[in-house]
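Since the model is a prediction, treat every value here as computed from it, not as a measurement.
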Amino acid sequence: MDYDFKKIEKKWQSYWAAHETFKVAEDPSRPKFYVLDMFPYPSGAGLHVGHPLGYIASDIYSRYKRLCGFNVLHPMGYDAFGLPAEQYAIQTGQHPAVTTMKNIARYREQLDRIGFSFDWSREVRTCDPAYYKWTQWAFLKMFSSYYDNSRQSARPISELVDAFAANGTAGVDAACGEEMTFTAARWNSMSEKEKSDVLMNYRIAYQGTTAVNWCPALGTVLANDEVKEGYSVRGGHPVEQKMMKQWQLRVSAYAGRLLDDLDGLEWTDSLKDMQRNWIGRSYGAEIVFKAYNGNKEYDMTIFTTRADTVFGVTFMVLAPESEWVEKLTAPEQKKAVEEYLAMARKKTERERIAETRKVTGVFSGSYAVNPLTGGKVPVWISEYVLAGYGTGAIMAVPAHDSRDYAFARTFNLPIIPLIEGCDVSESSFDAKDGIMCNSGFLNGMTVKEAIPAAIEYVEKTGIGHRKVNYRLRDAIFSRQRYWGEPFPVYYKDGIATPLPEDRLPLKLPEISTYLPTETGEPPLGRAEDWTYEGWPLEKSTMPGFAGSSAYYLRYMDPHNDDALVSKEADSYWRSVDLYVGGTEHATGHLIYSRFWNKFLYDLGYVCENEPFRKLVNQGMIQGRSNFVYRIVNTNTFVSCGLKDQYETTEIHVDVNIVHNDRLDIDAFRKWMPDFADAEFILEDGEYICGYAIEKMSKSMFNVVNPDMICDTYGADTLRLYEMFLGPVEQSKPWDTKGIDGVNRFLKRFWRLFYDRDGFIVTDGKASPAELKTLHKLIGKEKTDIENFSFNTTVSAFMIAVNELYELKCNKREILEPLVILLSPFAPHISEELWEALGHSESISYASFPEYVEAYTVEDSCTYAVSFNGKTRFTVDLSKSMSKDEVEAEVRQNPLTAKYVGGASIVKVIVVPGKIVNIVIK
RNA sequence: GCGGAUGUGGCGAAAUGGUAGACGCGCCACUUUGAGGGGGUGGUGGGAGUUUUCCUGUGCGAGUUCGAGUCUCGCCAUCCGCACCA
């Protein structure tokens, strides 16, 4: 009987679906384990073999955990709002919901063929109103909350209103856009509109004017993580900076917690560092410089991490967008400044990046006074100072900052060195190292002493204070697009007002075309009657990350219409134990999700402070493209090895008609009409193709479809092979040619159970050699799966099966545990054999530890231990030799010995004359 | 520039500080058959030798150690992330 994977896989996939084998419910009697994949955006292209890599790994882990007795939550869903569906809708007029549903159906079909153990009863789709009701709900909660800095927690905004009414801003320490000071009397006399404006400055979801990334081609603003090197991540369109009023989330209020709480997570160091850099904490001080425009005096605050260098300040610099620019531009410089601002403003973000090292600037005409020296220094305006960081103004110390140095050199400003013996004739001295000089009371200190001393002095004299700054900005939360969650907000007398909770979900209206309106409003401006109680509703929609920020919570309780997640479900499933996904979400989704979770935690809706305890980043699978070489001006193709003898053009050829770099010539002739009568120059009777590693994409003809692999080899082979390729975390090219090896392994595995005539498993007693093989595998699998080292586990299986095959072992005592061990990796064949062994229930209900314990018996073999192939002695493990006895034995053979056998490991390390170490496990 | 990671055969890759290259692909030889991506056996880092075998070998250079692919330091190369963040 042959291994008929097609029949087997179909049979078990329908069995799992019919029996809801992987459906789970909260069960306090069993320990839970939550394994989550980053849910996909269902694109029109469908899945290629790279996409399921992480899903396969997490599925293996889920099935393994299930065998270990855990109640495993392993759900899947779709991140279904987003730009591509909408762009497609603009082109074709089809409703994005239609194409999205079609793509989802296709994804589901492909996923099902691979045999995942998802609990599909918990599926979520972010574009489903029943789902986005809770996205909108969270937004309303953020709208009606503020962040209390002293308590480090989100609080209801009503508490802030009460505080204002009682004491004004006195005693309030809240995260806000701009610092405000007013009395209770002033607050109580404010109009509704004024109060609303004040509160907007404190809300966690708020509307504010800020420099945004505007993408004209997409017609929308984008968040920082959606822009890379001046281009939109989606579509690659140029992006420019623009001041706009937008909805934002006060993520920055959580910067400190987002940073500190990274320490407790089991994420890779590189990913944690990426987030640390993105959040970017720096310790320093804010110092006030008096600035004078003619007779007018201003207090200008700057941020610095180098308070020790105040004595070396020779000029000040403002960001072009800074509010100080207007105040400090002297009449005689007005024209020059305006020209400079106009020039800076019209640059796209890309141009700014391209000209990064070009020094530009203009003198404002004003001067500032150094608070420590009393010296007068000019105030300049330059692009190299960013409006969004610190206070948008800096003190420049050209001797010890390379950017200030370049600026000083360009505009001939003085440079005062502050460190003994440093050379600033060619470049600045940026290192925090050396002895201070020219620095008044700091002279003689090392830099490391001088920094805290200077800050202390600044605080004592009241010219400034200690300050921690973060690079993390608030997230721009509105998009001028159609295919996203509508904001549950309407404008009553121009005041942004939340919709009552019982009016959620606010459903996306139908519109005729998905373009902006003639007046430049977002597409929702086209909707008929987009109002609430006669007032206009918000017309922008939420960004992609809105729906993906809390989906892991919704899986815990996906059908609940009264809460995002019930207390019971939340306190049972708590948080994700293992999260598998790509590293591309490091500074986007993984920050927003953590923020969102912390917010809900503050308000008491969830019980865990962090959403994803352990994170594994699977690598990308690249494509391996194949080429044929056409001799120019002919229809003749020359094999790769001979191509240098001709003048040829390299042409991508569909990798699916190439096997082991050998071209299927007939298939090639049929592939495209142009090649129907192609001629070939072969080597050794074959056409050998060239190859290259490139991104997997349609245009390179290197897309390998998992369906195709399932057709030819089966899902179990696909699963094993994806794991066998190498460590899950590593990026690697897909190369179909190695797949025969794992396919061969499965066929061989099958033949341990079946020969030509039928089932051959017997009940005979296993031999010591057979037990040894099994024990080796058990030991390996237990440690490797926990370490996510699946490629070595697959290898260990191959070794074990080869050994058993050689031993002609067909004993139940060995094969039954072997089937259990293999089942996480190759579930279909395992189920089939499990059934053949006489079990009526799914193998998923088998118990792994039971078998492991049952079979980790005292090994009774006698092993020969060899020393570099020369000396020999024996260790009889059936006698359970003590460490001392082994040591005595080894003393007579003073060389290096190492032996691994069965469930027991003896390793003796000896150097001439002495035993260094003995390990017996 | 800053931060992180990686570097081992023709290829994908293994190696708690202890016989480097397991396992698989590819390749070579033999074998079997109902040769369509068939099954089996053996070989396969490099160099030398008819055989036992010897020399050499994990990016480069030092160091720690009885012993280093593995640990430390310094280079070099590649990849990823951030990038005028004061």
Could you work out the separation of U51(B) and A68(B) based on their P atoms and round it to a whole Å?
31 Å

At under 4.0 Å, does any side-chain N or O of Tyr384(A) touch on OP1 or OP2 of A86(B)?
no

Is there a residue in residues 465-474 of chain A whose heavy atoms reach under 4.0 Å of RNA chain B, and which residues are they?
Arg471(A), Arg473(A)

Separation of Ile591(A) atom CD1 from C82(B) atom C1', in whole Å?
12 Å

Remember a base hit wins even if backbone is also touched, and classify Asp273(A) as base, sugar-phosphate or nothing at under 4.0 Å, heavy atoms.
sugar-phosphate

Inter-nucleotide C1' distance (A15(B), G67(B)), Å rounded:
16 Å

Show the nearest heavy-atom pair for residues Ile56(A) and Met723(A), with the distance to one decimal.
CG2-CE, 3.6 Å

From CG of Asp269(A) over to P of G4(B), roughly how many Å is that when rounded to an integer?
9 Å

Between Phe668(A) and Tyr687(A), ring centroids under 6.0 Å:
no

Verdict with reasoning, Gln275(A) to Leu259(A), per side chain to side chain contact (heavy atoms under 4.5 Å, CB included):
CA-CA 8 Å; Gln275(A) 289 214 344; Leu259(A) 193 71; over 6 Å; no

Whole-angstrom distance between C82(B) and C75(B), as gauged at atom C1'
25 Å

With sugar-phosphate meaning primed atoms plus P, OP1 and OP2, does Pro727(A) contact a base, only sugar-phosphate, or nothing at under 4.0 Å between heavy atoms?
sugar-phosphate

Each nucleotide N or O in nucleotides 23-27 of chain B that has a protein N or O under 3.5 Å away: list the pair and distance.
unit_1	atom_1	unit_2	atom_2	d
G24(B)	OP1	Asn802(A)	ND2	3.2
C25(B)	OP1	Arg744(A)	NH1	2.4
G26(B)	OP1	Asn660(A)	ND2	3.4

Mind checking the C1' distance from A14(B) to C23(B)? Whole angstroms is fine.
7 Å

Parallel, tilted or perpendicular, judged at 30° and 60°: which one describes the rings of Phe411(A) and Trp380(A)?
tilted

For atom CH2 of Trp380(A) and atom C1' of C84(B), their distance in whole Å:
18 Å

Determine whether the aromatic ring centres of residues Phe790(A) and Phe788(A) are separated by less than 6.0 angstrom.
yes

Just to be sure I follow the notation: if a pair is Watson-Crick (purine N1 to pyrimidine N3 plus N6-O4 or O6-N4) or a G-U wobble (N1-O2 and O6-N3), each under 3.5 Å, what dot-bracket string does RNA chain B give, with | for pairs to another strand?
(((((((..(((.....[....)))(((((((.....)))))))((((....))))..(((((..]....))))))))))))....

Interatomic distance at C1', U6(B) relative to C55(B), whole Å:
31 Å

Atom-to-atom span, CD of Glu729(A) to P of A13(B) - whole angstrom:
12 Å

Pi-cation contact, Tyr470(A) with Arg281(A) (under 6.0 Å, within 45°):
no

CD1 of Ile657(A) versus P of G36(B): gap in Å, rounded?
23 Å

With a cut-off of less than 4.0 Å, is there a side-chain N or O of Gln730(A) near OP1 or OP2 of A13(B)?
yes

Take atom C1' in A77(B) and the same atom in U58(B), then report the distance between them in whole Å.
16 Å

Say we look at G39(B) and U72(B): how far apart would their P atoms be, to the nearest angstrom?
46 Å

Expressed in whole Å, how much space separates the P atoms belonging to U50(B) and G38(B)?
38 Å

Nearest-0.5 Å distance, NZ of residue Lys808(A) to CG of residue Leu752(A)
11.0 Å

To the nearest angstrom, how far is Ile693(A) atom CD1 from C11(B) atom C1'?
10 Å

So that I know where these two stand, are Trp734(A) and Tyr721(A) an aromatic pair - ring centroids less than 6.0 Å apart?
yes

Under 4.0 angstrom, heavy atoms only, what part of the nucleic acid is Asn791(A) near: base, sugar-phosphate, or nothing?
sugar-phosphate

Have a look at Arg748(A) and say if it touches a base, only the backbone sugar-phosphate, or nothing, with a 4.0 Å heavy-atom cut-off.
sugar-phosphate

Side-chain N or O of Ser282(A) less than 4.0 angstrom from OP1 or OP2 on A86(B)?
yes

Stepwise salt bridge (charged side-chain N to carboxylate O under 4.0 Å, His left out) check, Arg276(A) with Asp269(A):
CA-CA 10 Å; Arg276(A) 287 190 187 110; Asp269(A) 287 341; 5.8 Å; no

Look at the rings of Phe407(A) and Tyr384(A) and say which category their plane angle falls in: under 30° parallel, 30 to 60° tilted, over 60° perpendicular.
tilted

